[in-house]
Amino acid sequence: MALNKDSNVYTIAFATIMVVIVGGLLAFVSMSLKPMQQANVKNEKMQNILQAIGIEETNGVTREEAGAKFNKFITRRVTINYKGEIVSDKTANDKIDAQDKLDAFNIDLRKEYSRYVKPIMSRNKGDDAKIQELLSNSTDIHFPIFVCEHGGEKYFIVSASGKGLWDDIWGYLCVKSDGETINGSVFDHKGETAGLGSKISETWFEDQFIGKTMAENGAYLPLSVEKPGKDLNNHQVDGISGATFTGIGVNEMLERNLAVYYNFFKNNPEFTK
Amino acid sequence: MEYINIFIKSAFIDNMIFTFFFGMCSYLAVSKTVKTAVGLGSAVIFVLVVTIPINYLLETLVLQEGALAWLGDDYANMDLSFLSFIMFIAVIASIVQLVEMLVEKFSPALYGALGIFLPLIAVNCAILGAALFMQQKQFANIGQATVYGLGSGFGWFLAIVLIAAIREKIKYSHIPAPLRGVGMAFILTGLMGLAFLGFLGFEL
Amino acid sequence: MSKDVKISKGVNIKLKGTAEKLYANPVSTSDIVIRPTDFPTLMPKLVVKVGDKVKVGSPLFYNKENDKVLFTSPIGGEVTEIKRGEKRRILEVRVKGDGADSYETFKQGDPNTLSKEEILENMLKSGVWPFVRQRPFDVIANPADEPKAIHITAIDTAPLSPDYGFIVHGQGAVFQTGLDALAKLTSGKVHLNITGDSNADEAFSGAKNVQINKISGPHPSGNVGVQVHHIDPVNKGEVVWVLRALDVLTIGKLFKEGKFDASRSIVMAGSKVKSPKYVKTIMGANVGDILKDNVEEGGRYISGNPLTGTKIPANGHLGFYDYQLTVIPEGGENRFMGWLPFIGFNGFSLSRTSFSFLSPNKEYDLDTNLNGEERAFVMTGQYEKVFPMDIYPVHLVKSMMIKDIDLMENLGVYEVAPEDFALCEYSCTSKIETQKVVREALDLVRKETA
Amino acid sequence: MKALEEFMQKIKPKSDGKFPLAHAVWDGTYTFLFVPGHTNKTGVHIRDSVDLKRTMIIVVLALIPCLLFGMYNVGHQHFLAIGEAVSGESVCNLFWDKFFFGAMKVLPLIIISYGVGLGVEFVFAAINKHAIQEGFLVSGMLIPLIVPVDIPWAMLAVATLFAVVIGKEVFGGTGMNILNVALVTRAFLFFAYPTKMSGDKVWVNIDLAEGEKLVDGFSGATPLGNAVKGGVDVLNATHASLMESVIGFIPGSIGETSVIAIGLGALLLLITGIGSWRIMLSTFIGGYLMALVFNQVAGDNLYMAVPAIHQLMLGGFAFGAVFMATDPVTGAQTNKGQWAYGLLIGVMAILIRVANPAYPEGVMLAILLGNVFAPLIDHVVIRSNIKNRLKRVKTA
Amino acid sequence: MSEVKTSEPLFSKKNMELIKNPLNQINPVTIQVLGICSALAVTVQMDNAIVMSIAVTAVLVIGNLLVSLMRNVIPGRIRIIVQLVVVAALVIIVDQILKAYVYDVSKSLSVFVGLIITNCIIMGRLEAFALGNKPWASILDGVGNGFGYGLVLMVVAFFKEILGSGTLTIPGLGKLTIIPESFFDWGYMNNGLMLLPPSSLFIVGIYIWVQKAKNPELIEA
C-alpha cells in the first residue's frame, strides 16, 4: 500500500474515523444496557425497603422478585421535609419516574445526609441547639415514607442515615400504624470495623428492634443501643460488644431521623389511619 | 473545618497508596532515592491539583446525569456518564501534555525538577483513580474537589518520600535474597500501611 | 593569627602503666625490620636482596606507584631476610646491624636557603618523605601535589601515649629546621597544633614561620585529622599534608646533619611493663631488646597505642610511625555471664553500664578481650559521643559498609582517617571493626576516584 | 562453672553438621552463659565492656518493676471485679493472693512470647548461619506487657510470629528492622482481633473460676475509655484521678498502668544512657503541648479538657515514651532528629487519642507512625549536614 | 515485520511459551511490577478477584487483537492515544456489562473497573507486543498475561477471604464456608487484618519470596 501513514491528512482521517466508530459503539452499548442497569439499582432499593417491613411475605425477598412485590405491597410513597410538610405524595399507580427528584423512591437519604446534614453538624460541632434549629428550618432535607398495606394493617417504612465510627451508616425501619412501634429494620454501613461495628447489618441485631417503641406516654423517646448485657426496657436494644462507637452512631442516627417521622405521625393522625 | 477534614481524610485515611494502591507501579519503581521520590511526588501533587478541578467541572457541567440542563431543556435528560472514563483520561493526558509545555516554556527550573516525571504521570492510575473517586464522592463545590486533589496528592507524596527514605536506610540490612527489591518494597508498604491505620476514623 | 580549638567530645581512657618522664638506659638493637604493611595501600618494589650490604639511608624498596618515594634503612649492616606472605606480598625486610653505622650523605643546609625542589629531592632520597602523609585517604603524600596547608600535631592524646613535649625538649633548633623545610613545600599555611590544656614545651610554643593553634580536650583531639577538621577542613578536591611533631625532628636532623638519623625516643608503657619509661632507640628496633627484663609474662605487645597500634610478637619490631610500645594483658578467657551489667568492677565502660563511671580518675587494667561478639549496628549515640567532627559517624560507616561512594563523599569521607574512629571502635556495642571498615573504604574511594 | 563449660563444649554440635538448628540453639545458649573469650585481632586492642547482651538485659531489668507491678495489678483488678476486694480498702489486702493470681496469668504470656520469638530467631539463625541476635530479649518482654491479660494464647503466638518474621527477620534481624517488633505484635492483634483488643471487658481478667461472679456494676473499662465519655470528672469518680493513675491500680494492659514503676525503669535507662533522654523528653513535651492545645479549644468537649499532665499519665503514654519510642533501632538516630521524632510521637499520640475516639491507645500507633517517619527525619537532618559541607566549598 | 513465515502451528512451542511465561518467569505483577494498583484493592472476596481477572484478561485479549489487527494502519504519531482510546472503550463496555449483568460484583469493584484503563499491563502489552506481532500471537500473549495477573490476584484473594472471613465466594457456587463452625467454638477467630489493605501487600510480598526462592534466577541483584 502506498499510503503515507505519517501524513497529517491520514492521521486526522484515522482519528476521525476512530472517534466516530468508538463513539457510536459506546453509545449503542450504553443505550442498550441502560434499562437493565437502572432496573438493578431500582430493584436493590426496593429489596431493602421490603426487607425492612418485617412481614413474612417480604422477608428474604430476592432482587429479582423485588420489583413485583414492591408494586404489590407498597401502596403509597410520600416525601416530607424536616418541618413535617408533605412535598410529594404518590400512589402505587404513579409510575416511578427517575426524573422526579421529590418522589419518595428517588430520595437518597445518604446523599441528603452528606449534602445538607453533615455540613451543618460539623460547622456547629458542640452546639446542639443550633444544629437542631438549623436542621428543622431547612427545607432541603427530605424524608421518604413508604406505606405498605397488608392484612388490613398499615406499615410505614421510614429511612435513616448518619455516621458510624468510620463512615456512613444507614437503614430502613418499619413503623406500625400506631406511629411508634417498630416492626422491622435493615441497617447497612460502608466501612465499620469487620467483626465489630459491621455486625449492625446482621439479622440478630436488626431483629432486636421488632416491637420496640419510640414513645413513652405520648412523648418522643428515642430508641437506643445499649451496652451489651444490660437489662433492657422497651426502647433499648443490646449493642455489639466492643463496638461502642458504632452504637453511638446508630443512636444519633435513630434519634435525629425518627424524631422527624414521629412528629409527622403525631401531627397527622389522619395519615396513619 | 470541612476543608481540613477533606484534606486529612484524603491524605491520611484514604491514602492513595496504603488504602487503594493507586500508582503503585511508579511508586515502587521511583522510590529508590529520596531525591527522585520528591520529584515524582511533587509532580503528582501538581497534576492532581490541576486536573481534579477541571475534571470536576467536566463532571458537573457535561457528564453527570442532567448536567447538560444549562444547554436547554432538551438536553436536561441526557446522561453521558458512561463516557466519563474516556473523557477523564483524555483530559488528564492532554492537561499533562499542556502543563509540560507551559512549564518548559515559562519555568525551566521547575521543568528541570518535574519535567522527566510528567510523561510518567499520564498513565499513573493515581491521577485517574483520584478523578473517579472525586466523581463518586460528589463534592458540593469545586473548592472541596480541589482540596481533595491536593490532599490525595499530598498523601501520595508523603507515601513515596517515606518509603524512599526507608529504602535508603535498609540498604544496610541483610534482606533475604528472594525478597530484595520489589518483594521487600511490598512488605514495607504493608507495614507502613499498618502504621497509617492509626488515622482511620480521624476527624477534627 | 592562631586559632584555639576546644574539643568536648571524646574521652581519655585511663590505663595502668603510664610512663614516668624519665629515660631508661639507651639500648642498642640487634636487628631492625621495616614493614611495607605499615604504609596503607603501598605497593613496594624491592631494590635489595638478601645478603646485600646497606648503609644508613640506603634505599630498601620504593613505591611502585611513585618511584621517587624511597624507603631507606635506619641502620647500616646486611639484609638478612625478606619475609613474604600470600601472593608473595612483602611483609618484612630485616637488616642486621654491623655495629659500625656508615651513612649515606644527603644535602645539608638551612632550608630557607634551599629551593622547594631541592628540599623535596632531599626528603625523598633520604627516606624521610613517608613521614609526610596526606588527607584525604591517610596515605603517604604525593610529592607532586600542591597541598592547601600542612598540619603538624604536637599532641598525642591516645592512651599511654608519649609526651611530645618531653621528647622534643631541648631540640628546638632541630625542630625549627624541620618546620622551615616543610614551610617551603606549600604556598598555604603550616599549622603547628599544640596543646591548650597545659603549657607546651618552648620548642613548640616558640616555633616560628608557622601558625600555632592551641587544641584542648580529650582524645582524639590529638589526631591531626580532628585538628584539620576544626581549623581548616578538607573539601573534595583539596589535599592537606599532615605530620606529627616527632617526625619533624627527623626531617630537621636531615637538613642539619645531612644524614638520615632514624634514632628516636619512644615510650614503653602498659600494665605489663615493669617499669614504664621513655627510652632512646631506633626506628624498626627489636622490642625484645628494648623490653629486656622489663616485662611480665602473658602480655600482648603492641607497636603503637592500644587503640591504633599493631599487634607484634614478643621479639617483633617497632613500626615506622610508632613512638610508643605498649604491653597489656592478653585476654582470652570465657567469662561466665560476663554480659551482666554492674558486675566486675574492673570492666571499664563509657556507657555507664558498669560502675566505672563513678570513678572517672581510676586507672584500669584492660585486656584484649572483645567482650562480646560482632553484631549488627544497634546502639546510637555512642559514636557521636567520641567523634569530635561535624560528621555523622554511624551513617558514614554504614555508607562505607555498603560501598556507596557518592554517599561517603557527601558524608565527609575525605576528612577522616581510621585512627579517628578508634574510639568509636572501642566503645562499639556491636563490636564492629570500624577502623578496618574505614581503611578499606578509603582505599576503595581512592582507587575509584583516581 | 568450669564443669558447666566443659559440659557445654562436650555437647557442641558441628556448625556444618546435619542439624544447623541444633548448632544455632547451642551457640545461642553457650554465648548466653559465657561471654566467649574472643580477642581483638585487628584495629583496637581494648574494647569497652558493654555489648549487645548487656544493653538488652538492662532494658529487660528496667522492665521488671512494670512486670511485677503489672502482675500484682492483674490480681488486684480481678479481685475487685469479683468483689473479693473493694476499692477504698488498702490495696495490700490479700497481697500474696493477688500477686500469685497475677503471676499465674502473666507468666504464660511471657513464656509464649519468648518461646515463639526465640524459636523464630533460632530457625532464621540456622538458615542464615549467623549467631543469635539479642534483640528479642527486649521485644519478648515488651510484648506481654502491652497486651490485655485476657488475650488468648494462640492469638498472642500468631501475632508474635507475624511480628518477628514480617516485622524483623525479613529485614535481616536485629538492628535492621524498621518498626518496633513489640508494636507490630500489638498492631497486628489490634487489627486482626479487634474484639479481643478493644472494648471494655478485655482489660481485666474475667475468666472466672467456679463460684466466682462479677460484682454488680463492674465495667472493667480503662480510664481512657471512661474519659472519652465524661472527661476528668469521670476519671476522678472511677478511681483514676491524677494520683491514682500515677500509682497505677487501674485497668489497662499489663505493664502500662503504673507511672511510678515506669519511672523506675526510665531512671535505669537514663542513668545507663541506653534510652535516649532526648526522645523521652521530647515525647513528653510533644504530648503535653498537644494536650494543652486541646485544653484551650476544648469548649464543651470534656475529653479534650482533661488536664495535660493527667493525659500524659493515662494509658500507655508513659510506657510508650520510655520503652518503645526510645528503641535505638527504629527511632531517629541523629540527635536533632530525635527531638523532631519525639515531638511527632507525643503530638500524634494525644491527637489520635482525642481526635480518634476509636483508638484511645493512640500512643502505640503514634510510635509506629514515628518509626515510619524516622528515616525521613534522619534523612533531612543528614541532608543539612551534607549541604553545609557543600556550602563550605563554595564559600572557601 | 516480516510476515513471510506462514506455516507455524497454532499451538507451537513458541506460542505456548507466550501463555506459560507470564505465569511465572515474567509474571506481570510480581516480576515486572505492573498493574498492581487494581490488583490488590479488590481481593477481599474471591469472586471479585475472579471477575476482575476475567475483565482484565478480556480487555487485554481484545485490545491486543484489535491493536495487532490495526498495527499496519495506526499512524505512528498518535499511536499511544489510539491505544488509550481502544482500551478506554473496551473498559467502558466491560463496566456497562458488569453493571447490567453482575450488579453485586460491579458494586464492590466500584471505581476499580475504570482503573483497568491505567493498568500498566494493558498499555504495556499493547505497546510492547501487539504493535509488532500477528493477531494470533497477540491473543495468546493477552491470555498469558491476563492469567499471570489473575493468578496473583486469586492467590491473594484466596488467603484473604479464607483467613479474613472463613469463606470462599465463587461465582455460581455462592459463599462457601471453609473454616468449620467447630473451629470457632474452639476459640478460632477470623483475622480482621486480612480484610484491611495492608494484608494484600504482605501476601504479595510473601508470594514473591516463595516464587523467587524457587526460581533463584529471578533474584534481583
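Chain identifiers are assigned alphabetically (A, B, ...) following the order of the sequence lines, protein sequences preceding nucleic acid strands; residue numbering begins at 1 within each chain. The figures that follow rest on heavy atoms only: side chains count, while hydrogens, waters and symmetry mates do not.
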Please classify the contact between L194(B) and chain E as side chain, backbone, both or neither, with a heavy-atom cut-off of under 4.5 Å.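 For L194(B), heavy atoms of backbone and side chain both lie under 4.5 Å from chain E.
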
Is it the side chain or the backbone of F82(B) that comes within 4.5 Å of chain E heavy atoms, both, or neither? both

What is the minimum heavy-atom distance between [X] and [Y], and which atoms define it?
X       : Y       : answer
G190(B) : P198(E) : O-CB, 3.4 Å
K212(E) : R180(B) : NZ-O, 4.2 Å
L196(E) : L197(B) : CD1-CD1, 3.8 Å

Taking every non-hydrogen pair under 4.5 Å, which of L132(B), L83(B), I17(B) racks up the most with chain E?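 If we count pairs closer than 4.5 Å to chain E, L132(B) comes out on top.
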
What distance do [X] atom [atom1] and [Y] atom [atom2] have between them, rounded to the nearest 0.5 Å?
X       : Y       : atom1 : atom2 : answer
I219(E) : L179(B) : CD1   : CG    : 9.5 Å
S94(B)  : I81(E)  : OG    : CD1   : 8.0 Å
F133(B) : L115(E) : CZ    : CG    : 7.5 Å
M24(B)  : L201(E) : CE    : CG    : 5.0 Å

Crowding at [atom1], [X] (>12 non-hydrogen neighbours, <6.0 Å):
X       : atom1 : answer
F12(B)  : CZ    : yes
F139(B) : CZ    : yes
F184(E) : CZ    : yes

Can you check whether anything in residues 165-178 of chain B gets within less than 4.5 Å of chain E, heavy-atom wise, and list it by number?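 The stretch touches chain E at P176(B), A177(B), P178(B).
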
Can you find a heavy atom in the side chain of F202(E) that is under 4.5 Å from one in the side chain of L191(B)?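 Counting from C-beta outward, F202(E) and L191(B) do come under 4.5 Å.
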
Between V182(B) and T30(E), is there a side-chain heavy-atom distance shorter than 4.5 Å? no

My understanding is that only one of I117(E), V85(E), V87(E) makes a side-chain contact (heavy atoms from CB on, under 4.5 Å) with I89(B); could you say which?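 Of the listed options, the one satisfying the test is I117(E).
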
Of all of I208(E), L218(E), V210(E), which one pairs up most often with chain B through heavy atoms under 4.5 Å apart?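 Of the options given, most contacts go to I208(E).
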
Go through D95(E), I31(E), L193(E) and name the one with the most non-hydrogen pairs under 4.5 angstrom from chain B.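 Option with the top pair count is D95(E).
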
Region of S200(E) that comes under 4.5 Å of a non-hydrogen atom in chain B: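 Interface part for S200(E): side chain.
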
